[in-house]
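Presented below is the structure to which this report refers.
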Amino acid sequence: MKIGFNEANDRFCKGHTVMMDLELCEKYGFDYIDIQSECLDRDLAAGLITIEEMGAWFQCHHLKMLSYNALCFFNMKQTAAEKAAVMAQLDEIIHRCNVLGCKMIVVVPSMDMAERGLQPTRREIREDAVAVLKEMVKKCEPYGIKLSLEFCGAPAMTINRFEDAYAIVEAVDHPLVGLTLDQYHFYAMASAWDALEKADGKKIFVWHLNGTEDLPCGAPYNNDEKRMWPDAEGDCLDQKRYADTLKKIGFEGGCCTIEIFRPEYYEMTQEENVKKSAEVTRAHVAKYC
Ligand code: ZN
C-alpha cells in the first residue's frame, strides 16, 4: 500500500506553500500528494509558482499527484450559466491535470440548498448528479482522467452518506467514475457499514485516512476540525474495520492518504506536520494493511 498526503493536513501552517509540500513529501517518503485547489489557486495568484514549473518538478521526482482536490459544488445547478461554469471549471482542471501528470479529480457536492430556496429529495439529487457526472466524464475520457465523488458528512451537503454516493456511482456505471471514502465523512453522518461491506471496492478510488473525536451525528460542531491522527488519544473510529473492509471488498486504489483539518496541527511548522503525517500514515499501513 502506497502512502499519500493531502494538503488539508498543513495548509494553514505558517508560510505554507505548495512547492514546499512537494519537497517535504518527497523528503519524508510519501508516494502521492492530493493538491488542494485553494492552496494551488492561492500560490498561482501570488505568482509563487506556475503549473508548468510544477509539472516539470513532478517529471523528475518520485512523488506523484494522486488527485486534484477538488472541483467543488458540481451538482444541483439551476441555471444554464451555473451549469456552464462547472463545465468550464472542469476544462481548466483537466488542462492542469494534464500538465501535472494527475489522473484523478475529486468532485465535491453542492451544499446549503435551503438557503437557495430549494428542498430537493434524495432522488432528485441522485438523478441530477448522475446526469452531470455522465456529462463530465465525457470530457475526461480522452485523457483517462478519473472522477472521484467525495460524499461529505455534514447535514447541509446534498450527498452526505456513503450509500447515496455509491448509488450515484453505480447508476453512472463508468470505469472512470468512482468515489472517495473519507473515514471522517463516513462516520459523521452515520453511513451504513453494511452498505460499504456490500460495495464493490473497485468503485472506491481514493481512501482518506483520519481519526476523529466522538460527537453527535449532525451536531453543528461535529465538523472537519475535529479530525485527528488515527489512533490518537480520543479517536473514536474503528481503524481496523475500515482497513479490513476495504481489503475484503477489493479496494484497488493502492494508496492510503492522510487528510486532517485540525487547527492545532496548523501550529506545527509545515515540515513538522509533513514529517509527522508520514510517520503516522506509514505506521497505520504497517499495522492494518
Ligand atoms: Zn476527504
Side-chain angles (χ1 to χ4, degrees), residues 1-12 21 25 30-40 65-75 93 102-111 129 146-166 168-169 177-191 196 199 201 203-213 215 222-230 232 235-237 239 242-243 245-246 251 253-263 265-266 273-274 277 280-281 284-285:
M1 185 71 67
K2 306 272 193 199
I3 59 171
F5 179 86
N6 185 297
E7 288 189 301
N9 294 307
D10 70 344
R11 61 183 183 169
F12 295 128
D21 270 342
C25 284
F30 277 108
D31 302 294
Y32 287 105
I33 184 167
D34 286 346
I35 301 230
Q36 287 251 334
S37 41
E38 292 90 341
C39 299
L40 183 58
M65 190 167 159
L66 182 66
S67 82
Y68 190 97
N69 194 195
L71 191 164
C72 282
F73 314 136
F74 77 97
N75 62 328
I93 293 174
C102 175
K103 291 291 183 188
M104 182 121 58
I105 300 167
V106 168
V107 295
V108 170
S110 300
M111 59 191 290
K146 293 177 173 172
L147 294 172
S148 189
L149 170 61
E150 184 158 357
F151 65 96
C152 297
M157 279 282 175
T158 48
I159 304 168
N160 56 17
R161 294 195 303 163
F162 173 80
E163 42 273 54
D164 294 331
Y166 191 78
I168 290 164
V169 165
V177 178
L179 69 149
T180 299
L181 175 67
D182 181 304
Q183 295 186 174
Y184 169 78
H185 289 317
F186 186 90
Y187 153 84
M189 285 300 291
S191 288
L196 181 60
K203 296 220 179 274
I204 298 173
F205 290 166
V206 179
W207 173 16
H208 281 169
L209 170 70
N210 39 63
T212 184
E213 294 175 35
L215 302 167
N222 186 353
N223 58 34
D224 285 317
E225 296 190 350
K226 301 305 191 298
R227 298 174 181 225
M228 57 171 64
W229 308 117
D235 173 23
C236 71
L237 298 188
Q239 298 292 344
Y242 282 100
T245 304
L246 283 171
F251 169 66
C255 184
C256 177
T257 303
I258 191 149
E259 191 198 40
I260 300 170
F261 296 79
R262 194 169 182 85
Y265 298 172
Y266 297 137
N273 185 300
V274 176
S277 297
V280 167
T281 313
H284 191 86
V285 164

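Remember, it's 1-based here, ligands and their atoms both numbered in the order they're listed.
Ring centers of Trp207 and Tyr242: at least 6.0 Å apart, outside the cut-off.
Judged by distance alone, with hydrogens and angles left aside, the side-chain atoms of Arg11 form no donor-acceptor pair with the main-chain N or O of Cys39 at under 3.5 Å.
Ring geometry for Tyr187 against Tyr184 counts as tilted: the plane angle lies between 30° and 60°, on a 0 to 90° scale.
Metal site remark for the Zn ion (ligand 1): His208 contributes an N, O or S atom at a distance under 2.8 Å.
For the pair OE2 of Glu150 and OD2 of Asp182, the angle whose vertex sits at the Zn ion (ligand 1) is 100° to 10 degrees.
Shortest distance from the Zn ion (ligand 1) to Glu259 is reached at OE1 (N/O/S atoms only).
If you take CG on Asn9 and CG on Asn210, they are separated by 9.0 Å, rounding to the nearest 0.5 Å.
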